[in-house]
There are 2 protein chains.
Amino acid sequence: MISAEILTDALKKAGMRITPQRIAICRLLSQTDSHPTAAMLYDEIRREYPTISLATVYNTLDALVGLGMVNVLGSAGDGKVHFDADISPHVNLACTHCHKIIDLPSVRMSRIESEVSQISNYALQGARILYYGLCPQCQTINNQK
Amino acid sequence: MISAEILTDALKKAGMRITPQRIAICRLLSQTDSHPTAAMLYDEIRREYPTISLATVYNTLDALVGLGMVNVLGSAGDGKVHFDADISPHVNLACTHCHKIIDLPSVRMSRIESEVSQISNYALQGARILYYGLCPQCQTINNQK
DNA sequence: TTTTGTGCAAACGTTTTGCAATTAT
DNA sequence: ATAATTGCAAAACGTTTGCACAAAA
């Protein structure tokens, strides 16, 4: 969990203007661990700013991703792109039935990251460590969608 | 690198019919390590079957993914879904500039997988281990897209 | 022969874009 | 003041779907 100011400060340092909409997006991103999609953020922010557009959400997300402040997790089997404001190298775990994504901060990935870095000569910018399967609930409930 | 027969056999065992189009898709998947998208496979197969449709490619890919024979890597920053016929747990490395994806089979992930399995109680089905950054070429070339 | 798969085209949902009006600086 | 950002609408893109025809079993 990160503070919203770290995100807005990053935008400011990059020469971008701090608008109420962007503050709201940064606040939501920093406060959630639900790996939201653009549409989820949009729906949430519309309560406060009924006229905000999806384009603004995408615009801000792109900027934050470009600054390395937000990770793109990709689809969780639902065809939508999920975002994660926790950029520390950690394992994400997606349920292929209910499409929820949780974090597994207890699994240490730093050793893997340094290995990848050494072997590849890539200038690493981030990682998506996503395991997927059925969560305990979706295993027990007789889940035929 | 897997043999095409393993893929076609899996389709057959699942009760699906073996058509020339599906054989071609399985052959391409098994012969490449380029983590193709549906469109890439489509373009390639069209040389041999000019009338094949994208729908058939998606249909077959979905079946193979459903059977656990093919992994969905997700987007490499290009907005397209990349597929991988190598389902062993290994690190993938994507370049955020040229959008190529390579494998790093030397980095061992089996320990991480068992850790995830123990901690989470999920019925694991697979993993997408994707690091991203700039590949050596895209670092040196003065790359402003 | 029967049932599944194919190809086409149209539909879908997410994401992107163009532009005039607005707003942060 | 001025330059960036917004919101809207329309467009673009990848992917999915419906259906008549073709082909595998």
Side-chain angles (χ1 to χ4, degrees), chain A residues 5 7-26 28 35-67 70 72-83 99 145, chain B residues 7-26 28 35-67 70 72-83 99 101 145:
Chain A
E5 285 74 31
L7 297 179
T8 51
D9 285 356
L11 292 176
K12 188 176 267 177
K13 271 180 197 158
M16 304 183 66
R17 293 183 178 171
I18 306 307
T19 65
Q21 295 91 334
R22 287 183 175 162
I23 293 173
I25 293 168
C26 289
L28 278 182
H35 309 81
T37 64
M40 287 167 168
L41 293 167
Y42 174 65
D43 288 341
E44 195 68 28
I45 295 169
R46 271 215 285 189
R47 300 185 190 177
E48 202 178 341
Y49 293 92
T51 65
I52 198 177
S53 78
L54 249 182
T56 298
V57 176
Y58 278 108
N59 160 355
T60 304
L61 282 171
D62 286 351
L64 289 168
V65 169
L67 292 169
V70 164
V72 182
L73 285 186
S75 157
D78 54 0
K80 297 163 197 165
V81 176
H82 292 253
F83 295 87
H99 303 309
K145 194 164 194 180
Chain B
L7 297 179
T8 51
D9 285 357
L11 292 176
K12 188 176 267 178
K13 270 179 196 158
M16 303 183 67
R17 294 183 179 171
I18 305 307
T19 65
Q21 294 89 333
R22 287 183 176 163
I23 292 173
I25 292 168
C26 290
L28 278 182
H35 308 81
T37 64
M40 287 168 167
L41 292 167
Y42 174 64
D43 287 341
E44 194 69 30
I45 295 169
R46 270 216 287 188
R47 300 185 189 179
E48 202 177 341
Y49 292 92
T51 65
I52 198 176
S53 78
L54 249 182
T56 298
V57 176
Y58 277 109
N59 161 354
T60 304
L61 282 171
D62 285 352
L64 289 168
V65 169
L67 292 169
V70 165
V72 183
L73 284 185
S75 157
D78 54 0
K80 297 162 197 167
V81 176
H82 292 251
F83 295 87
H99 304 308
I101 305 180
K145 197 166 195 177

Between CG of A:N59 and CG of A:L64, what distance do you get to the nearest 0.5 Å? 9.5 Å
Rounded to whole angstrom units, what separation is found between the CG atom of A:L11 and the C1' atom of D:dT6? 15 Å
Quick one: salt bridge (charged side-chain N to carboxylate O under 4.0 Å, His left out) pairs with a partner in residues 7-22 of chain A, sequence neighbours left out? none
Output all residues satisfying side-chain hydrogen bond (donor to acceptor under 3.5 Å, both in side chains) with B:T56, sequence neighbours left out; order by chain, then residue number. B:S53
State whether B:N59 places a side-chain N or O below 4.0 Å from either non-bridging phosphate oxygen (OP1 or OP2) of C:dG5. no
Kindly write out the residues that satisfy side-chain hydrogen bond (donor to acceptor under 3.5 Å, both in side chains) with B:E48, not counting sequence neighbours, or none if the list is empty. B:R27
Whole-Å distance separating the CG atom of B:L61 from the C1' atom of C:dG5: 15 Å
Taking OP1 and OP2 of C:dT6, is either one under 4.0 Å from a side-chain nitrogen or oxygen of B:R22? yes
B:S75: side-chain contact (heavy atoms from CB on, under 4.5 Å) partners, not counting sequence neighbours: B:D78
Heteroatom pairs (N/O) under 3.5 angstrom, protein to nucleotides 20-22 of chain C:
none

I need the minimum non-hydrogen distance between A:L67 and A:A10, along with the two atoms involved. CD1-O, 3.7 Å
Apply side-chain contact (heavy atoms from CB on, under 4.5 Å) to B:Y42 and list each qualifying residue two or more places apart in sequence or on a separate chain. B:R46, B:I52, B:L54, B:V57
Quick one: on DNA chain D, does A:M16 or B:M16 contact a more 5' nucleotide (nearest heavy atom)? A:M16
How long is the gap from CG on A:L11 to CD1 on A:I25, to the nearest 0.5 Å? 9.0 Å
Roughly how far, to the nearest 0.5 Å, is CD1 of B:I101 from CG of B:L73? 5.0 Å
Using five pairs at either end of the helix from C:dT1-D:dA25 to C:dT25-D:dA1, determine the angle between the two local helix axes and round it to 10 degrees. 40°
Produce a footprint string for nucleotides 7-19 of chain D: one letter per nucleotide, 5' end first; B if the base is under 4.0 Å from any protein heavy atom, S if only the sugar-phosphate is, - if neither. BB-----SBBB--
Output one line per pair: protein atom, nucleotide atom from nucleotides 20-24 of chain D, and distance, for all N/O pairs under 3.5 Å.
from, atom 1, to, atom 2, distance (Å)
D:dA24, N3, B:R17, NH1, 2.9

Considering residues at least two apart in sequence or located in another chain, which fulfil the side-chain contact (heavy atoms from CB on, under 4.5 Å) criterion with A:D62? none
Sorted by chain and number, sequence neighbours left out, side-chain contact (heavy atoms from CB on, under 4.5 Å) with B:T37 holds for B:A39, B:M40, B:K80, B:H82
Nearest atoms (heavy-atom pairs only) where A:F83 meets A:A38: CE1-N, 4.2 Å
CG/A:L61 to CG/A:L41 distance, rounded to the nearest 0.5 angstrom? 5.5 Å
